[in-house]
2 protein chains.
Amino acid sequence: MPQRGRPRGFDADEALERALEVFWRQGYEGASMSDLTAAMGINKPSLYAAFGSKEELFRKAVARYAEQDMGYARRAFAQPTAYEVVATLLRENVLAVTRPDRPAGCLSIQGGTACSSDNAAVAGFLAGSRLAGEHALADRFTRAVAEGDLPADADPAALARFVMSVTEGQAIHAAAGVAREALRQTAEIALAGFAAVSGARLPARADTPA
Amino acid sequence: MPQRGRPRGFDADEALERALEVFWRQGYEGASMSDLTAAMGINKPSLYAAFGSKEELFRKAVARYAEQDMGYARRAFAQPTAYEVVATLLRENVLAVTRPDRPAGCLSIQGGTACSSDNAAVAGFLAGSRLAGEHALADRFTRAVAEGDLPADADPAALARFVMSVTEGQAIHAAAGVAREALRQTAEIALAGFAAVSGARLPARADTPA
DNA sequence: TCGGATCAGTACCGCTCGGTACACAATTTG
DNA sequence: CAAATTGTGTACCGAGCGGTACTGATCCGA
C-alpha cells in the first residue's frame with residue numbers, strides 16, 4: 001500500500017525499544033508518560049497515535065521483550081534432553097538477567113508483581129505469561145518422560161515449577177544487584193539439584209564448566 | 001509519662017496492620033494515600049501525625065511484617081542442622097506466602113522490585129533487607145560447616161543464594177495465584193536438591209511427609 | 001498546484017497524587 | 001474554672017498524572 005500523508009518522523013521500533021527499557025527499569029506504574037516520551041524522543045500525541053495507550057504500549061513492549069530477550073527459552077526447549085533443556089534455561093537465564101547493556105532482572109517481574117487496583121490487569125497479564133512459560137516447560141518434560149530421559153514417575157509440572165521458581169528468584173537477585181558470577185554458581189547448584197532429584201538422564205560428556 | 005492533650009481516637013497498631021495489608025496487595029507505589037487512609041479508618045492528618053510520611057509508614061509496615069510474618073525464618077535458623085534449617089525455611093515459606101488470611105506472596109517483593117526514580121530508595125531498601133536475610137543464612141551455613149553437618153568444601157554463600165532464590169520464586173508464584181499444595185511439592189524438590197548437592201548430613205529419621 | 005490525508009507540537013483537560021493549614025474537639029494540669 | 005496540649009476533620013495546596021483538541025507542517029495523488 002502506498003504511503004498517504006506525512007511520514008512518521010521517528011522509528012517506531014526504536015521508540016518501542018526505549019519504552020521497553022523504561023518499563024523494565026521502573027515498572028509499569030513507576031514509568032510515567034513523561035519518562036516514556038522523554039526516552040522515546042517523541043511527544044505524547046505521537047505516542048498515542050502510534051501505540052494507543054500506556055497499557056497497549058506496555059503490552060507491545062512485553063511482546064518485543066518475549067521475542068528478543070526470551071529467545072533463549074525457545075532455544076532451551078529445543079535441546080534434546082530434559083537435562084540439557086534445564087541446563088540451557090538456567091545458564092542462559094543468568095546471562096539474560098545480568099546483561100550489561102540492559103536493565104538488571106527480568107521485565108516480566110520488574111514490570112510489576114503488585115499494582116494499584118486500577119492496574120490489576122497488568123500484574124495479572126504478566127503473571128499469566130510467566131505461568132504460560134512454565135506450562136510449556138512442563139509439556140517439554142512430559143515429552144522427556146515419553147522419550148525416556150526423565151523417569152516414568154517424574155512429575156513434569158512440579159519439576160517445571162521448581163525450575164521456574166529458581167529463574168524468578170535469580171531475576172530478583174539480579175535486580176537487587178547481585179553479580180553475574182554469583183548467579184552462575186546458584187544456577188549450577190540448581191541444575192545439579194534438578195538432576196539428582198528428577199533422575200534425569202545425564203549427557204555422556206560432563207558439561208559442567210570449571 | 002502521663003497523657004497530655006486529646007487522646008488518639010484509633011489503635012495505631014491496628015491501623016499499621018491495615019496499611020501493611022494494602023502495601024502487600026498493591027505495592028508501595030500502587031498504594032495511594034486514599035487507599036491507605038480508607039483501609040486504616042483514619043484521615044490523612046492523623047496518618048501523618050502518627051507515622052510521618054508515606055515512606056515512613058511503609059518502613060514501619062515492613063518492620064512489623066519482618067517481626068510477625070518472617071518469624072519462621074528465625075525459627076528456621078535455630079534448627080540444629082543445616083538440613084533442618086533449609087527444610088524449615090522452605091516449608092514454612094510455602095505456608096507464609098499462601099496464608100488464606102493474608103495477601104498472597106511476600107511483602108518484600110510485592111512492595112516493589114521496580115520503582116519510579118523518585119522512589120528508588122524504597123526498592124533498594126527492600127532488596128537490601130532480602131540480601132541481609134540471605135547473608136544471615138550464609139552465616140548459619142558457615143556455622144554448619146564448622147559443626148560438620150555441611151562438608152568442609154561447601155560454599156555457604158552460594159547455597160544460601162540458592163535457597164533464597166527458591167523462596168523468592170515461590171513468593172512470586174504465590175502472588176500469581178499458584179496453590180499452596182503445588183508450592184509444597186516445589187519446596188520438597190528444592191529441599192531434596194539442596195541435600196543432594198550440598199552433601200548435608202541428613203537427620204536420622206526421614207521427615208519427608210507422605 | 002491543489003486537495004486529502006497523516007503526523008508533529010503546543011497547550012490544555014479533569015483528576016488524583018502526596019502532603020498540609022487551620023479551626024475545633026477532647027483531654028490533663030493548675 | 002481556665003490554660004496548655006494534642007488529636008480530628010475539612011478543605012485546600014502545587015504538582016504531576018494519563019490522555020486529547022487543535023493548529024500547522026509534510027507527504028501523496030490528481
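The sequence lines fix the lettering, A, B, ..., with proteins before strands; numbering per chain opens at 1.
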Exam field: side chain D139(B) to backbone A136(B), donor-acceptor pair closer than 3.5 Å = no

key: Under 4.0 angstrom between S34(B) side-chain N/O and dC17(C) OP1 or OP2   = yes

request  = Give the nucleotide from the list dA4(D), dG18(C), dG4(C) with an atom nearest to the side chain of R4(B).
outcome  = dA4(D)

task = Remember a base hit wins even if backbone is also touched, and classify A31(B) as base, sugar-phosphate or nothing at under 4.0 Å, heavy atoms.
result = sugar-phosphate

query = Is E67(B) salt-bridged to R64(B), going by a charged N under 4.0 Å from an acidic O?
reply = no

Nearest-Å distance for atom pair CZ/P, residues F10(A) and dT26(D) = 17 Å

task = May I have the distance from D118(B) (atom CG) to dG16(D) (atom C1'), rounded to whole angstrom?
result = 10 Å

request  = For D35(B) and dC17(C), give me the distance from atom CG to atom P, rounded to whole Å.
outcome  = 7 Å

ask   = Between residues 40-61 of chain B and DNA chain D, which residues have a heavy-atom gap below 4.0 Å?
value = N43(B), P45(B), S46(B)

ask   = Under a 4.0 Å N-O cut-off, is there an ion pair linking R130(B) with E134(B)?
value = no

inquiry  = Taking only side-chain N and O atoms of S32(A), does any of them lie within less than 4.0 angstrom of OP1 or OP2 on dC17(D)?
reply    = yes

task = Convert the base pairs of DNA chain C into dot-bracket notation, remembering that pairs crossing earlier ones are written with [ ] and that bases paired across to another strand are shown as |; include only Watson-Crick or G-U pairs under 3.5 Å.
result = ||||||||||||||||||||||||||||||

inquiry  = Output the rounded distance in Å from CE (M33(A)) to C1' (dG16(D)).
reply    = 13 Å

